[in-house]
Amino acid sequence: MTERTTEECFAIIKDARNQLKSMPTSKASEATITGYMREFDRLVGESGREPAELWAAVCNTSSKRTYHRRVAALRHNLRLELEAALRRQDQHQRANDTPEWLQEIEYVASLLELAQLVEASRGKCPLENPEPRRSKRQALRGLPSEWREQVSQAMKTSKYHIAYLAAAVTGCRPDELERGIQTCINNGEITFTIVGSKVKELQGQPTRSIVYSLEESHALLDELAAYIQAHGTEMTIQVPSKVNFTSAIRRVGRLLWPRRHAEITPYCLRHAAANDFKVSLEREQISAALGHAVDATASMYGQHQMSRGGGLRPLAVRAARAIKPTLPLAGVTMTPLIAKQK
């Protein structure tokens, strides 16, 4: 252990407290934070807690997405570790336990070194040859025009069949299906109400509704509506596990198209629904239907040129939050309710 003077030790404590003040508290969801903790534990298990080795483990990937996830996990846990280490050194200092205090000071110093490595990477990715991100939008290329119907037919006997239909006609996320989608049939319309995921203070839609007319003919929608009507007028469609739901769709996709490299997942359904929405909905309506709060995100899902005739055409989309334009226009008033299509 490095021998330090008392003045040096107190300077480290002062630097650590200042560092802590500059580190914002995470506003991530409980599930995201759990993932951060798991990722941090895995990195420490692989490399130990030495700053250089731990940072090398963070950068030991060719995926930008993985790198940024690891950095986020490191930032979150670095704050927690620094808070805990400062509390412990306070306790050792009050107890006049000098050996333990000095050992804790060394750990605080290592955390400051790690914080410097993290800050030095802010705004840039140190990966030399990162792999290009694979988009599920691109995974739709080469599929037959009725691929969703073919998957539905293959899943007829699966316990996830109805959930598959709901995902196909709403474009919902798998974890939103895990929470449960409320369906209601009334006055010739079927309404799907979704409790949103990926919702933060200024991001996402806490709730949204997608409304279809029962007169709108589409094989997937017709089959789902018939099932709901056979069991009443209201129903909650839910899966016990988003992971198992995704695996079930992947298995069917591999059986139907064994030579395809790209797998079929629920996010393929999300992009396919966005393809259809781009034919009949405005930009802000598409964002609302997908659970976003900014209209620019609509461009990240689906492709207008991949839309085909006879696609899904919602009658109305309603969202809890107003959709923010990419470039706000002076004098434009946004309302949280998106009116019906004329």
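Only heavy atoms go into these numbers, but all of them, side chains included; no hydrogens, no water, no symmetry mates.
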Taking every non-hydrogen atom, the tightest pair across [X] and [Y]:
{"X": "L112", "Y": "A16", "result": "CD2-CA, 3.7 Å"}
{"X": "G142", "Y": "R260", "result": "C-NH1, 3.9 Å"}
{"X": "E149", "Y": "A219", "result": "CG-CB, 4.1 Å"}
{"X": "A288", "Y": "Q205", "result": "O-CG, 4.4 Å"}
{"X": "A274", "Y": "L290", "result": "CB-CD1, 4.3 Å"}
{"X": "L117", "Y": "P51", "result": "CD1-O, 3.7 Å"}

For this session: For salt bridge (Lys or Arg N to Asp or Glu O under 4.0 Å), just list the numbers for D276 and R148, CA-CA rounded to whole Å, side-chain angles, deciding distance to a tenth of an Å, and then say yes or no.
Result: CA-CA 12 Å; D276 289 351; R148 288 175 293 183; 3.0 Å; yes

Thinking salt bridges, do [X] and [Y] make one under a 4.0 Å N-O criterion?
{"X": "K198", "Y": "E176", "result": "no"}
{"X": "K156", "Y": "E223", "result": "yes"}
{"X": "R49", "Y": "E81", "result": "yes"}

Side-chain donor or acceptor of [X] paired with backbone N/O of [Y] under 3.5 Å:
{"X": "E100", "Y": "D97", "answer": "no"}
{"X": "H231", "Y": "Y227", "answer": "yes"}
{"X": "R321", "Y": "G204", "answer": "yes"}
{"X": "R70", "Y": "V58", "answer": "yes"}
{"X": "S287", "Y": "V294", "answer": "yes"}
{"X": "Q285", "Y": "V317", "answer": "no"}
{"X": "T183", "Y": "M235", "answer": "yes"}
{"X": "E119", "Y": "Q116", "answer": "no"}
{"X": "Y36", "Y": "A31", "answer": "no"}
{"X": "Q238", "Y": "E178", "answer": "yes"}

Taking C-beta and beyond as the side chain, do [X] and [Y] meet within less than 4.5 Å on heavy atoms?
{"X": "K278", "Y": "I286", "result": "yes"}
{"X": "D222", "Y": "S217", "result": "yes"}
{"X": "C172", "Y": "R208", "result": "yes"}
{"X": "M37", "Y": "H76", "result": "yes"}
{"X": "I264", "Y": "L143", "result": "yes"}
{"X": "P144", "Y": "W257", "result": "yes"}
{"X": "L281", "Y": "P314", "result": "yes"}
{"X": "L177", "Y": "I237", "result": "yes"}

For this session: Just do the side-chain contact (heavy atoms from CB on, under 4.5 Å) check on H161 and L165 with the steps written out, would you?
Result: CA-CA 6 Å; H161 182 226; L165 293 174; 4.0 Å; yes

Is it possible for you to say whether [X] and [Y] belong to one hydrophobic cluster, with membership spreading through side-chain heavy-atom contacts below 4.5 Å?
{"X": "L224", "Y": "I185", "value": "yes"}
{"X": "I210", "Y": "L214", "value": "yes"}
{"X": "L54", "Y": "M23", "value": "yes"}
{"X": "V44", "Y": "V118", "value": "yes"}
{"X": "F192", "Y": "V199", "value": "no"}

Problem set entry | side-chain contact (heavy atoms from CB on, under 4.5 Å) between W147 and L256, worked out | CA-CA 9 Å; W147 71 267; L256 291 175; over 6 Å; no

Exercise. Does the pair R251 and E263 meet the rule for a salt bridge (Lys or Arg N to Asp or Glu O under 4.0 Å), with working shown?
Worked result: CA-CA 9 Å; R251 281 195 299 272; E263 290 189 310; over 6 Å; no

Distance (rounded to the nearest 0.5 Å) between [X] [atom1] and [Y] [atom2]:
{"X": "I190", "Y": "L315", "atom1": "CD1", "atom2": "CG", "value": "12.5 Å"}
{"X": "L220", "Y": "H218", "atom1": "CG", "atom2": "NE2", "value": "5.0 Å"}
{"X": "E83", "Y": "L78", "atom1": "CD", "atom2": "CG", "value": "10.5 Å"}
{"X": "R69", "Y": "K64", "atom1": "CZ", "atom2": "NZ", "value": "15.5 Å"}
{"X": "E46", "Y": "D41", "atom1": "CD", "atom2": "CG", "value": "11.5 Å"}
{"X": "S241", "Y": "Y160", "atom1": "OG", "atom2": "OH", "value": "5.5 Å"}

Problem set entry | salt bridge (Lys or Arg N to Asp or Glu O under 4.0 Å) between R4 and E106, worked out | CA-CA 9 Å; R4 299 182 187 274; E106 290 303 319; 2.6 Å; yes

Problem set entry | Evaluation steps, side-chain contact (heavy atoms from CB on, under 4.5 Å), between I194 and T170 | CA-CA 9 Å; I194 304 165; T170 64; 4.0 Å; yes

Exercise. Given E284 and K324, is the salt bridge (Lys or Arg N to Asp or Glu O under 4.0 Å) satisfied, shown in steps?
Worked result: CA-CA 8 Å; E284 67 274 11; K324 299 176 184 178; over 6 Å; no

For this session: Please check if the distance between the ring centroids of H271 and Y267 is under 6.0 Å.
Result: no

Exercise. Any chance the rings of F10 and W101 have centres within less than 6.0 Å?
Worked result: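 Yes, close enough.
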
Exercise. Is a side-chain donor-acceptor pair under 3.5 Å present for S209 with T193?
Worked result: yes

For this session: Compute whether any side-chain donor of one residue and acceptor of the other, for S213 and E189, lie under 3.5 angstrom apart.
Result: no

Exercise. For the side chain to side chain donor-acceptor pair (under 3.5 Å) test, which of Q89, R88, Q93, Q91 pairs with E104?
Worked result: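 Of all the options given, the one that passes is R88.
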
Exercise. If you draw a 6.0 Å radius around CD in E50, do more than 12 non-hydrogen atoms from other residues or ligands fall strictly inside?
Worked result: no

Exercise. Is there a side-chain contact (heavy atoms from CB on, under 4.5 Å) between S47 and R42 once you walk through the steps?
Worked result: CA-CA 9 Å; S47 65; R42 188 189 64 77; over 6 Å; no

